[in-house]
Amino acid sequence: MTVPTQTSPQPGPATANDVVLTVDRLNVMYQVDNPVHAVKDVSLTLRRGEILGLAGESGCGKTTLAYAINRLHKPPAEVTSGSITFHDRGGRDIDLLALENEELRAFRWSKLSMVFQGAMNALNPVISIRAQLEDVLTTHEPKMSKQQRRERCAEVLRLVGVDPARMNSFPHEFSGGMRQRVMIAMALLLDPQVIIMDEPTTALDVVVQRGILQEILRLRDELGYAVIFITHDLPLLLELSDRIAVMLKGEVVEYATAEQIYRLPAHPYTRRLLDSFPSLTGDRGAFLRTGESSARDHATEPDPTKGKRP
Amino acid sequence: MTTLEVRDLVKDFPVRSGLRRSTLRAVDRVSFTLVPGRTVALVGESGSGKSTVARMIARLERPSSGRIQAVKSDGQGVSDREYRDHVQMVFQDPFASLNPFHSIEHHLARPLKLHGRGGDRAETRRQVEQLLERVNLTPAEDIAQRRPHELSGGQRQRVAIARALAPGAQVVVADEPVSMLDVSIRLGVLNLLARLQREDDLAVLYITHDLATARHFSDDILVMYRGRVVERGPADDVILNPQHPYTQLLASAAPNPDARGRSRFTAPTEAERAAFGQRAYDHNLGSWVTPDGTPTSEGAPGRERVG
Amino acid sequence: MRYYARKIGFYLVALWAALTLNFLIPRLMPGNPVDILMAKLQQRGGVVDPEARRSYELLLGANTDEPLLSQYFSYLGNMARGDLGVSVSAFPAPVSDVIWQSLPWTIVLVGIATLISFVLGVVLGALVGWRRGTWLDSLVPATTVLSAVPYFWLALILAAIFASALRWFPLLGGYDVSLMPGWNWEFISSAVYYGTLPALTIVISSVGGWLLGMRNMMVSTSSDDYILTAQAKGLREGRIMTRYAARNAVLPSVAGFAISLGFVVSGSIVTEQVFSYPGIGSKLLQAVQNNDYALMQGIFLVITVAVLGANMIVDLLYGVIDPRTRVGN
Amino acid sequence: AAGCTGSANNGGGGAGGTDADTLIVYTGQAGDWQINFNPYSPTMLEGPGTIFEPLFYYNNLSDSEPTPRLGTDFSWNEDGTELTISLRSDATWTDGEPFTAADVEFTLDMVAENPTLNSTGYAGDAEAVDDTTVRITFEEPAYMEEAQILGKLFIVPEHIWADLEDPATNVMENPVGTGPFTLGQFTPQAFTLTANPDYYDGEPALKNVRYVALSGNQSGADALSAGTIDWQTGPVPDIANVSENYPGYEAITVPMNQTTLMTCSNAEMGCTGPQTDQAVRQAIYYAIDRTQLNALAFENTSSEISPGFALLERDAEYISDQLPEPTAPMSPDTARSDELLQGAGWTKGGDGIYAKDGERLSLTVKVVAGWTDYITAVDTMAQQLKAAGIELVAQQVSWNEWSDARGRGEYQLLIDSLYQGPAADPYFLYSYFFSSDTTAPVGEVAQPNFARYSDPAVDEALAALKSINPEDTAARQAQFDVIQTRIAEAMPYIPVLTGGTTSEYHAEKFTGWPTLDNLYAIPAVWSRPDQSQIFLNLKPAS
Amino acid sequence: MTNLTPLTEIADEGAPRAEATAPTAPAKAPRRSGARSLLPRWSPRLAIGLGLVGAISLFGLIGPFLVGDPNAISNIGLAGPSGEHLLGTTQTGQDVLAQLAHATRGSLQIGLLVGVLATALSALFGIIGGYVGGFVDELFSLLSNVMLVIPGLPLVIVISGFVPAAQRGWWTIALVLAITGWAASARVLRAQTLSLRNRDYVAAARVAGERPWRVVSVEILPNLLPVLASQFVFAVIAAILSEAGLSFLGLGASNSSTLGTMLYFAQNGFALQREAWWWFAPPGLLIALFGCGLSLINFSIDEIINPRLRTATAAKRSARKTTRSTAA
Ligand SMILES: Nc1ncnc2c1ncn2[C@@H]1O[C@H](COP(=O)(O)OP(=O)(O)OP(=O)(O)O)[C@@H](O)[C@H]1O
Ligand SMILES: Nc1ncnc2c1ncn2[C@@H]1O[C@H](COP(=O)(O)OP(=O)(O)OP(=O)(O)O)[C@@H](O)[C@H]1O
Ligand SMILES: [Mg+2]
Ligand SMILES: [Mg+2]
Ligand code: NI
């Protein structure tokens, strides 16, 4: 299955100014008794304001990649080779792997923030939302006055549709969807250029999920940050993102625009993934009810009604 | 052949908030019938009471009122003692529904023994292997000796299905049987369930919140909202021609690659949400009814259908 | 509110159960409280006259002809009125006097020592748990060895070294006996000086438990998502450790602290024995050895109330430090 | 008011450094103090002799004349039914009131009328003849009551005590007495007795006595080695070498009480077990290796014992020459014990233990848990008796249980000691432990004839002794002969050794301590009023 | 309220999820099978712990047969270690080593019995209460809470005074310690059971028609084994220490020989003051070493109960092994 990856699908011309993050042949290993090569030779570019989807089944290395980009990986995880470069707004290039403690700390969240897989648990249960929001500001913007801080927190909460009046509440007093919104608000606090979202809506109800996704899109349009959106729900990515990278066992096996992936999936694995999501309104036919093998058969059959296959 | 009739099922949970003790009606006057050879899907948002219905059917929870009656093909009711021979359940999480301490064989041999289908040791073993083969877990001898953590999620869920079939159950309740599985293996497990259903003429209650698989996998769909069934009917009718605003909302929220950038979704207001539960649509009757199934003459509540 | 009603209900039932046990247990013990007084009289020579014995029995209400049930009710009535009766071993002092005289010593010595050991253990545990894998980890086995040592053995050896041999600390007692107890600097400093070694032994032998518990919780907490979030937020190490990790990890220890506070009284018996400390523990021992029912019951009451009180305080405190337990909203 | 009483003793702190004229003592009692200076309270802390005085001081260690305290002289009438006491006229109570015969009359009548105070059943009738004379009348001869009344009843001031609601339960926080000391400051960890400047005999040279509270023998020994106490009665490590181990200190051991293996000996009273067989008791007596026992269990502080239970030194003149042996053998005589047992029908079994009618000669010995010397003694004897074919099984129990079992006679053997009376006269011991009057059937509480010994001959002799004038030694000896030979044969209490009471004292700091040559009082802190005699004799060395 | 993470995480963690109907072994390195996964992982700490506990147990088990009569008295009291008496003699010339062997056995007996009894009691009250729920649970947890509130040591003192002397021996003390020592573990077990009770596999067993006692004993109990083991270890340590404490106060197992009574006699014989370290030190050290060994074993059990602790040590190990390239 070692399909050589296109290092740069380049659906459009990418000027140096345009790109905000470059990942080049990144390798991450878990140095355990039987070392796990969790990320293999992954190369990606992220453009300003772009939503980059990262799809793949559980355990393929999506989270590992995301953590490596933010240098959040801990031993036994280890970046064995490759580079990650952040192209700052001013044009300065930052080699993320070379950042030292204090620089790294200052870099985090101010330029690149994250919304985590289990956002339900990403908030400290015993201190108030406000304290957790202000923590970021006191650390990164020590010069801000108390008043300014409070205003900024209220502002981001308003952005994601949470009533700032509830700022003094504790995480358990919010529903899952609201907590996730608070996390997004927190990610926006310092006006970052990149937000990595690791399965931010997987645990949520479809209706709630939809609401949050709309929020992300709207804010992206307003604020212009780039997003790396990680999920295994390919249809969701197809609807949401500009480009998609499909990962399989640590490798990016397909990297193209959403349109391309939907219409012309090149890799068999991508096709299989697409098939795993029956269309809601599409033809029901004999799709599932004729037995197990039929799903695979169906996968190779052209479906004239949808026209999604060559 | 067993039919399961559910009539006016109600479940109240006591909830304590502050000084007051109130009850939460998790399931409110739900009725349906599971017929051999047919699959009924139960869909609805999180917390709408789907699992509670399933747990009452599996007799893990006692209904507050209402009736659950299994009827044999000869028309006789199933007694309490035999109930579990006839009705079984597949749980949502294959990682939690198998005891990490016991081998796969134990998980299958116990129900066989308990329901008097085991016989001697060799016979039990043979039957266990047969069951494993039926769910495509081969070589059966090897799998039987393993422990749950030595199996993948899909394999475990197959074991869970085999366990539900072990007592010879004719009615199977599957509570979100694939939502914890990886996308690429979900369909495999669902197809297996479908095959077994066809082979044994099972009556299946398929619980999910994924409208797409509900449509493709089942004959009838019930849409639940806050404990009530708000829409029911043949699968295609409900999905392709949803009458109830809540069903419409659900459908519009589902990801749709074709709808790139032009989402039809608008989040409902609380007032709209409150109105959702007031009446229900029955595609079989083709008319609006009260949530407990009595026909009404009124028109559709809430918003007009979008699109 | 219902939560609190339930809690209060629990405390009442527990109190009643404890009171009943307090009543029953001494009555099931062999011997007669008057015997101890008779033995003391006898020590002064002569044969105790049966008349004298009878008059003491009357005086102490130790005649057991009364049915147990009516004894029980009058006992409950007395307890409700705060009348703990007369101590046999300190006859004719009322039990409340005896307890009142010795309780403060125990509370101050053992209470402060327990507090110090808790704080020390939690702080060290947080540090060790946060920096696991460094040399700090070797603290853990070291302190567990110390807590596996029989306390009195350790205390005796430390006393032999620091008091007998090196003479850094006084060996015995609660204060310089040539001083009059009172709120003056001289006395208090003497009490502190005399209390240092006993307190030290308590701290040394109990810090390990806190340390280990906190360390394990800290390790668990360190892998919680919100810690990772905090790191991603670019917060400073120290802040993450204290406000995020330790703040959450300390919760179970606080609950444990409540229970251990309650045992301050009973746990002090051995300490007081080793150091001749004037506390409630030695009174309990005296009560047990002298069949002093009333004193025993009184001390049990104190202990029970202390444990219940400590738990109640922590129940309330828990609402403050762990917002999840707060009711309402 | 806390500071007022503070005399000039705010000197040093912790370890050592106390004023030269303050004697610091530890009584051996565990636990801290609960204030109580009522001399009639069983839980009294201190006072008899020091604050409250008796009429005379009787030295229990030698058969000498009583020392006058508040009394100056006393005399009996012919038949021993009337005791006339002359009192001193120069004594005053510490509150300034004069001491008179009315106080004595009041005290004696108070005791007689108040059973709670009257622990020994004093039944006389006192009458103040004049300011300095009191006469007590009895219904029957009461020679033997003399020491108790004159030596152990402490005179209290009528002008204070007459107003007390209940003298038995009053704790006398501010005791007013005639004694050489008054109560200084009191704290639960220590209290001080201060010399009484107005004492009729002049202010004592010893200015302060501080009693400290410690938690038992261990802490006593520790305090001694730290030099924080000057006098204590209790064991210390390596008793034989106190003067080397604790420079400046000396130790003194006096034989006081006879250690015995008590037996529930009287089958007629309901006792059961092999020990009801006299031969068994005697066999045990002969099989004990007393020399080894003394070395291992008692650090050689015990001494020989007479099977007739007269103290060897003090009562030397009373020891009957009719006894087959005046002292118990110090080395074992298993031939003798074998002979005794076989004579009584016991035969040695395969396990080396005697048996009779299928019953093994196995005896349980109750010993108080915590009395380590006795535990060791029992263990040692068990080893020794095993060689003689007798099995001893030690059973450690709490004091409560032990005293309960002892009182009710529900035991086979137990280890305990016999105690002496108020004066140096073996009569008291015999009347306590060997009289039928002081025993009871098994199941009822005996006080203190725990062995259930009952012998009409002994009872008769005791009755006779009561009415013989103590001056008539020949008449008394005849009775003592009877008693001693009877009890030595029956052996209800198997004599083990005479236990010594050891005290350690700071000889360098104070002079005037009792020595073996001059035992003017029992040198034990807890022995009252002996301690007051010693306080009066002590002088700061510097 | 408990800091223990659910037990199934042991099995879930890192389990292969890739669909593989083929008979191939899972993609990951073969994991230890179910029952064996309940065994602690081998580590130096565990080795030392097992070594200490094993050696001391062996000493208590066969030691008494090898040494002489511990009560045999000789006239050489308080002699230091020598060829004849390897650990010297007591005040009464008894051989310390012989006493130590018998006392170790006595203490181990007490520890073991208390461990078994207290664990059984806590299992009874904790597991049954947690599983059955409702009134029984309320009652049981009230009982254990009351037992927790009622101070243990004084109760032990009082109860041990109550037991008739003739029957009093090491097992009485053990009984008393067990009765007063089960409550805390019952609470932990109850919390665990509550979380296990809601596991799907328990529901599945009920749906399969298993009887309640079988659900408890076959489905729930095995998964509580590590917790029970840890409670047991704690109970043993606590029992030995409490017995020593009681004995020190003179309230212990007076008629039998334990390390506690041995210390008591040493203390009363002024062993410390006479610098007879060979008499005073060994019993205390033995208790300390035994407790230390058990704690070390408990560390390993903790790692089973709380897998996060384990990954921590794994991480530590590899951190030492490899230099972090990310720092470059
Ligand atoms: N601490 C670890 N030690 C060893 N292997 C690990 C560790 N963490 C993750 N892995 C392995 O690394 C691989 C990638 O894991 P990762 O969490 O990045 O997957 P993922 O794509 O995010 O999966 P999911 O969709 O479940 O979140 C997996 O095979 C996983 O088993
Ligand atoms: N044991 C219980 N006690 C109290 N309330 C309960 C209990 N079990 C369920 N509920 C409540 O009943 C309602 C229905 O829950 P149920 O689990 O049936 O929902 P569901 O439709 O299965 O949701 P999901 O899709 O998240 O599984 C919820 O509000 C839930 O909080
Ligand atoms: Mg992930
Ligand atoms: Mg559900
Ligand atoms: Ni908990």
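Numbered from 1 within each chain, the chains take letters A, B, ... in sequence-line order. Below, each value reflects all heavy atoms present in this structure, side chains not excepted, and no hydrogens, waters or symmetry copies.
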(message) Please classify the contact between A:Asn70 and chain C as side chain, backbone, both or neither, with a heavy-atom cut-off of under 4.5 Å.
(response) side chain
(message) Can you tell whether the side chains of A:Arg158 and A:Glu155 come within less than 4.0 Å, N to carboxylate O?
(response) no
(request) Identify which part of A:Gln132 has an atom lying under 4.5 Å from any heavy atom of chain C, answering side chain, backbone, both or neither. (result) both
(message) Around atom CG of A:Asn101, are there more than 12 heavy atoms from other residues, nucleotides or ligands closer than 6.0 Å?
(response) no
(request) Would you give the length of the straight line joining atom CG of A:Leu137 to atom CZ of A:Arg150, rounded to the nearest 0.5 angstrom? (result) 12.5 Å
(request) Can you tell which part of A:Phe107 gets under 4.5 Å to a heavy atom of chain C, answering side chain, backbone, both or neither? (result) neither
(message) Is C:Arg243 close to chain A through its backbone or its side chain, or both, or neither, when contacts mean heavy atoms under 4.5 Å?
(response) both
(message) Please classify the contact between C:Leu251 and chain A as side chain, backbone, both or neither, with a heavy-atom cut-off of under 4.5 Å.
(response) side chain
(request) Side chain from CB out, backbone as N, CA, C, O: work out which of these in A:Ala187 comes under 4.5 Å of a heavy atom of chain C, or both, or neither. (result) neither
(request) With salt bridge (Lys or Arg N to Asp or Glu O under 4.0 Å) as the test, would you mind laying out the steps for C:Lys233 and A:Asp135 before giving the verdict? (result) CA-CA 9 Å; C:Lys233 275 154 78 174; A:Asp135 241 5; 5.2 Å; no
(message) Donor-acceptor check, side chain of C:Arg215 to backbone of C:Val128, threshold 3.5 angstrom: yes or no?
(response) no
